[in-house]
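Let me begin by presenting the structure, written as structure tokens, before commenting on it.
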2 protein chains.
Amino acid sequence: MTAPVTIADVARLAGVSTVTVSKTLNNTGRISDETRARVIQAARDLGYVANPAARRLRGARTNLVGMVVPELVSPYFAEVARAAAEAASSAGLDLGVFTTSRDPARERERVAALSGGLADGLILVVPTDDPQHLDVLQRSRTPIVLISHFGTPTDLPNVRADSYHGAHAATTHLLDLGHRRVGFIAGADGSSQAHERLRAYRDATGERGLLDPDLIRPGNFTQRRGFEAARELLDLPDPPTAIFAASDATAFGAMDAVKDRGLRVPQDISVVGFDDIAAASQSHPALTTVRHPIHDMSDSALRLLSGALAGEAVRGTVLDYPSELVVRETTAPPRSS
Amino acid sequence: MTAPVTIADVARLAGVSTVTVSKTLNNTGRISDETRARVIQAARDLGYVANPAARRLRGARTNLVGMVVPELVSPYFAEVARAAAEAASSAGLDLGVFTTSRDPARERERVAALSGGLADGLILVVPTDDPQHLDVLQRSRTPIVLISHFGTPTDLPNVRADSYHGAHAATTHLLDLGHRRVGFIAGADGSSQAHERLRAYRDATGERGLLDPDLIRPGNFTQRRGFEAARELLDLPDPPTAIFAASDATAFGAMDAVKDRGLRVPQDISVVGFDDIAAASQSHPALTTVRHPIHDMSDSALRLLSGALAGEAVRGTVLDYPSELVVRETTAPPRSS
DNA sequence: TTGTAAGCGTTATCAA
DNA sequence: TTGATAACGCTTACAA
């Protein structure tokens, strides 16, 4: 229950003014070596840490960056947060992660609190696509960088991952292997990413005249639904020989269903996921999937934010990263080909 | 690029003093209904949000709670963070999550910054067990609650999950099913939880005279290592009929290895995990595992923190939660019994 | 090289 | 019921 050590305590112990302490600790202004040593020693003895609130209030930086994500349980967001934390750390910044539970009101509050004085800058991952909300963001004096914002255009810097190309490549990969009936287990309704993945699947199969609505099953990104949907697919009179799932979790569920039927992956049924979560490369057989360049994206987001903090003009920047097919062990030519 | 709206702006628009605005918005002091209405309207019109830094500096609350976790990629910590965020939310608090990447220095910095003025309170998950570090924590004027601290005793409130009992129950469960050779794939070296799980396994098998060092394999909590270790186990001259893995990910790796050998779970080999991550209940067969009551723990941690914030004496409180065996579909009697 | 003074936005105290 | 004043801890002119 020690009262917090203030700059005044350090100044007193070192026998100098608070200004000298501030200058010393922030490496600003000229300080004699002797004084500097004394101040640093005093600060260390006292365990002094500058009060970020005071610092921030004064207009100085806090070195705290806030990241607002819908949730952390999905490995995708957890990985984005991790990558951003690493990138922040090497930029000398701290990253605080805040979740909204996909509640727009919560998102607004969080942004308000953070941009209102706690954080130097903000990174919003998949922000709510509400024009009024986005308008508030645009007006913010605190630098804001968006990750994967699709929809209403803004001039905020935006780092996005495209789902379409990877999903198209994945479907084409299966088609090229010789599959003529490729099932699709969709993502959650209302997710723009899920929509893009479905659109790519439709386009790729349509291009070869192989689009069959029966092969498309609704989903919600979960493993459980992947299991059920795959069963539905396998129960079809003319079942698919390959399944493309809109998430890795869904793909694992589908693999469970296939194995549960006594079939083998990939010999009997090929399976492709989307996301490249850690388990994708660790499972056996390792999952063929599509990857967003999460690390590159987080790095870029932080570079943009650092730039903005340093006064660079980053408004209007849009970085579109392609998604990339990662071929592993769950895809092979169909039995009958 | 709007300059932030301050309390002075609101006061000006409402034609009152800043004090009146503050009182109105914080429901402190007597304000006439008429004035109150005008102030609230003005605040709304301007989109005013109090500057947390200023508020905090003045000694008032920020409603921000900081949580420091080793990392977020492991589903366990992600789940702890999620549960805590929910609990915080229903207590009217915001939860900011900070990661340390298991770097003690990073942890110290984060704690210092957070407790030094940004957050009202702190929750540290598996804090570094360094006496000096813990001493600093104990002296902190900002309330701190520990989650799963084992080791050097402190009088900080501590909410812990026991791994021993669940692990013992899991091993006994397999033994009770009739298994006489139960393999164990350990967790990471240096993790106290991993150590407890191994100890429980040793004790439970030892009690029945069924302890065989050959059946214990090193691990690191990963799925990959689970796969390899399970292979080693299956390659033994006298292989186990059941495998207990120190984490769910490891258990999934082990299941992959079993299936890869053309064996079935649980008919040929039973598998038990530890953690009860989301995938455990969603996989097929659903994984028998051991669960820490993460939600109860996070709830308790937040209740303790709220209490401390409200001036209650919570020092010395230690809440020990038992881990619990969750029997699902991956365990069955051995073939030969 | 060092220190004085002012002010960041807010709220608690006290007086009106 | 309302408002003037001071203070929280820090940093940035500006002066010495």
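In what follows, chains carry the letters A, B, and so on, assigned in the order in which the sequence lines appear, proteins first and then strands, with residues in each chain numbered from 1.
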Does a side-chain N or O of B:Arg56 approach OP1 or OP2 of D:dC8 to a distance below 4.0 Å, or not? no
Whole Å only: how far is the CD1 atom of B:Ile7 from the C1' atom of D:dG3? 13 Å
Using atom CG of B:Asn51 as one end and atom P of D:dC10 as the other, report the distance to the nearest whole Å. 16 Å
Worked verdict on B:Asp9 versus B:Leu13 for side-chain contact (heavy atoms from CB on, under 4.5 Å): CA-CA 6 Å; B:Asp9 299 324; B:Leu13 180 59; over 6 Å; no
Selection: residues 19-45 of chain B, any non-hydrogen atom under 4.0 Å of DNA chain D: B:Val19, B:Thr20, B:Lys23, B:Arg30, B:Ile31, B:Ser32, B:Thr35
Going by atom types alone, do B:Arg82 and B:His295 pair a side-chain donor with an acceptor below 3.5 Å? yes
Taking donor-acceptor contacts at under 3.5 Å, does the side chain of B:Arg58 reach the base of C:dT11? yes
Strictly by modelled atom types, are B:Gln138 and B:Thr154 linked by a side-chain donor-acceptor pair under 3.5 Å? no
Flag the pair B:Ser148 / B:Met297 as yes when at least one side-chain heavy-atom distance between them is below 4.5 Å, and no otherwise. yes
Using a 4.0 Å heavy-atom cut-off, does B:Ala50 contact any base of the nucleic acid, only the sugar-phosphate backbone, or nothing at all? sugar-phosphate
Side chain to side chain donor-acceptor pair (under 3.5 Å) partner of A:Ser101, chosen from A:Glu107, A:Glu71, A:Arg106: A:Arg106
Using whole Å, what does the distance between atom C1' of nucleotide C:dA12 and atom CZ of B:Arg55 come to? 14 Å
Closest approach to the side chain of A:Leu57, judged atom by atom: which nucleotide of D:dA4, C:dT10, D:dG9 is it? D:dG9
Is there a side-chain contact between A:Val80 and A:Met67 in this structure, where contact means two heavy atoms from C-beta onward sitting under 4.5 Å apart? yes
Round to the nearest Å and state the distance from A:Arg141 atom CZ to C:dC8 atom P. 12 Å
